Participant: 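Supplied in structure tokens, the structure appears directly below.
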Amino acid sequence: MSDLSGLNPEQRKAAATLRGPVLILAGAGTGKTRTLTHRVAHMVSEGISPERILAVTFTNKAAREMQQRVTKQLKRLPKSLTRADGKPLKPTICTFHSLCVRILRRHIEKLGYKRNFVIYSDSEQLGVVKKVLSAIAGKDVKADARELQGLLSRLKNAGPNGNVPGNEDSLAMAGHIRRRYDSALRAANAVDFDDLLVLTLRIFNEFPEALEECRARYQYVMVDEYQDTNAAQFELMHLLSKEHRNVCVVGDDDQSIYGWRGAEISNILDMEKHYPEVKVIKLEQNYRSTRVILDAANAVIKNNPRRRPKQLWSAKGAGDLLRLEAFANEEEEARTIVDEIEFNRMAKRTPWKDHSILFRTNVQARPLETALRKAEVRYHLIGGQSFFDRREIRDFLAFMKTFINPNDDASLLRIANIPARGLSDVTMERLLGASQERDCSVWKAMKNDLVIHEFQPRARKSIEAFVALVEDFRGPLGETELSLASWADKFLDEIDYIAELRKGEKDPENAENRMRNLRDIISTMDNRGESLLPANRLGKFLDDITLDADREADKEDAGDAVTLITTHSCKGLEFPHVFLVGVEEGLLPHSRSAVEGTLDEERRLFYVAITRAMKTLTISHCLNRKKYGQNFLCHPSSFLKEIPEELCEDLDSKKEPVSVEDGKSMFAAMREGLG
DNA sequence: AATTGCTAAGTTTTT
DNA sequence: CTTAGCAATT
């Protein structure tokens, strides 16, 4: 028996109920991860082999965190759990997508793909959509590639009989494009993020023995953030668990904020439909926030229809009242908040990192950044452009994907003329045309004598040189011993990529920075899968990187800094002091939500934001706001009326004695005194 | 091949 | 107001 004494009664029940379906409704800040890790440890102490346990999370970050905590828990168990080769037995803890990659690497040949398929990232996917679109252009010009990409994704995730919102025309269009899109990917031996789920489902449905194998392996299944699962993910979980029924899903319907991305809140609301015998356990004791904050959160969320009723409570005291502030415009809002943060820091010795500023849309970050920089406050902005969207990284990964699988058209076309090697747009267009005529990849067209004899000698030379380059560097991947890092370094040297970067940047400093980014990524290439062949190791490296694009970004959170973050990305985080800005009608709730009928989801978003705060919560709105360069009048959000007045500090009456000018000089004096 | 200039659009983004 | 994307120009 493992030690569950550190858990509260509900948590303990959740951790101790191992057989049959369980739904853990874990409100914000109720110790969900703690409960889950104890549950895994408890299973193992009850004699269940870790290898029979599968825990699925939504982000790699969550998976890593849980893996670490579980490992720690398992070490405490008296019985040592090691395999014959001395390695510890571990449960499988990963995302849906990485689980599917593992399954597909074993079975995808059944569907006619090759085992070394590549995974297309978001931008590569968009590229293919654009290609398909331009190929059938003419009749319908008013199609936006991005929009179509989103539609395709939702179509795939909704499954064959799911329904996706959208008008008839665009759905018909999407269906048509999907066929061409899918065959383009197939021809390149590539799959996209959604295919990972969809193809795995196909394998399970068409090849029962593959499903059986998985069922036998994973006899205990857990799914975290269950409110965010889409139809395909539900299907996957259902297939794995409907025989043995040992499935534990954990989530909070009140924190479902990704409906627009295909998440089905009904999965958590209608759990009883598929698992009538499910045991529902509610975790309602919150260990994060003060009572005032929880009362506000409860009051807001209870206005949502169709939810599983919950009432968060806290053993902490009432705490500070909420502060509702109104400002003339977003600049004053930003300035005042920065002043308040500085006041906390100087008068109360509260470090920057204890503060966060939450906003609905990314553009709202701008005035905040300006004010923070002006006051010399350190901050970090979460989100924005990802490390892996940077040109040099994308180039590099495209090269690597080409080495693994030169038939991957999207990657090959991206890098064929980088740096310029005489393969101009015209040449590449013609090669692409030839490949389509022959129903083969661009690479095969490049290697086809008949094709390249159509070209001028100069272009032909360029093509041949490129083919030779790729083949030269692919060679070593088949050998048994190879340091991928030094191999990649040699390659970048060979093509003189640094020169290419210098050409693209006016400031040589920037080129150096980009090169450093590359070295960082290259230095991790040999980290995993030591026992594998170089080609397979490179494949694993690419899988990990495409599925876990934020890994690098997460690392640089160190240091004392204020966090700027959207209300969507703040889920799962907590801060002692939270400022929620721009709580205005049209922003939160966003104006589009009225049209789309997603007011409930906006309210949940508001709820998620509120429940991030541990000690103080300041909610502000502006009377005026610049939008697209013009001033607009703003009204406070209707959500604000849902917060009971007695929970809010009456700021106006308190503030009046201190004029803005006095306040400013007060802070100035304070800075003098401490500086 | 690279630069310039125009146009259009402007929530959220776990993989 | 910005900014991304694309066309047209040198």
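Lettering follows sequence order; numbering is per chain, from 1. Please read these numbers as outputs of a predicted model, since none were measured by experiment.
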Participant: Compute the centroid of each ring, for H590(A) and then for W260(A), and state whether the two points are separated by less than 6.0 Å.
Facilitator: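 Not under 6.0 Å, so no.
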Participant: Roughly how many Å is it from NE2 in H97(A) to C1' in dT13(B), rounded to a whole number?
Facilitator: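 The distance from NE2 of H97(A) to C1' of dT13(B) comes to 12 Å, rounded to the nearest Å.
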Participant: By the 4.0 Å heavy-atom rule, please label Q233(A) as base, sugar-phosphate, or nothing.
Facilitator: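 Answer is nothing: Q233(A) stays at 4.0 Å or more from every strand.
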Participant: Rounded to the nearest Å, what distance is computed from the CD atom of residue E500(A) to the P atom of nucleotide dA1(B)?
Facilitator: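 One finds 12 Å between P of dA1(B) and CD of E500(A), rounded.
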Participant: Under 4.0 Å between a side-chain N/O of T567(A) and OP1 or OP2 of dT12(B), yes or no?
Facilitator: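 Negative; the distance criterion is not met.
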Participant: With rounding to the closest Å, how many angstrom separate the C1' atoms on dT3(C) and dT14(B)?
Facilitator: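 Those two atoms are separated by 26 Å.
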Participant: Tell me what S569(A) touches on the nucleic acid: a base, only sugar-phosphate, or nothing, going by heavy atoms under 4.0 Å.
Facilitator: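 If one applies the 4.0 Å heavy-atom cut-off, S569(A) turns out to touch the sugar-phosphate alone, with no base involved.
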Participant: Expressed as a whole number of angstroms, how long is the span from R391(A):CZ to dA4(C):P?
Facilitator: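 Rounding to the nearest Å, CZ of R391(A) and P of dA4(C) are 14 Å apart.
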Participant: E602(A) near the nucleic acid: base, sugar-phosphate alone, or nothing, with a heavy-atom cut-off under 4.0 Å?
Facilitator: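 Base, at least one base heavy atom under 4.0 Å.
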Participant: Using atom CZ of R146(A) as one end and atom P of dT11(B) as the other, report the distance to the nearest whole Å.
Facilitator: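 Spelled out: CZ on R146(A) to P on dT11(B) is 14 Å.
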Participant: Salt bridge check, D192(A) against K156(A): does any charged N sit closer than 4.0 Å to a carboxylate O?
Facilitator: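 Salt bridge between K156(A) and D192(A), a charged N being under 4.0 Å from a carboxylate O: yes.
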Participant: Once you apply a heavy-atom cut-off of 4.0 Å, does D194(A) come out as touching a base, just sugar-phosphate, or nothing?
Facilitator: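 No contact at all - D194(A) keeps every heavy atom at 4.0 Å or more from the nucleic acid.
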Participant: Could you tell me how far dC6(C) sits from dT11(B) if I compare only their C1' atoms? Round to whole Å.
Facilitator: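 Taking atom C1' in both dT11(B) and dC6(C), they lie 25 Å apart.
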Participant: Quick one: E330(A) CD to dC1(C) P, roughly how many Å, whole number?
Facilitator: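 About 14 Å, once rounded to whole Å.
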Participant: Please give me every residue in residues 256-263 of chain A whose heavy atoms get under 4.0 Å of an atom in DNA chain B, ordered by residue number.
Facilitator: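 When residues 256-263 of chain A is checked for heavy atoms under 4.0 Å from DNA chain B, the hits, listed by number, are Y258(A), W260(A), R261(A).
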Participant: Could you tell me the separation between the CZ atom of R603(A) and the C1' atom of dT12(B), rounded to a whole number of Å?
Facilitator: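 It works out to 18 Å between those atoms.
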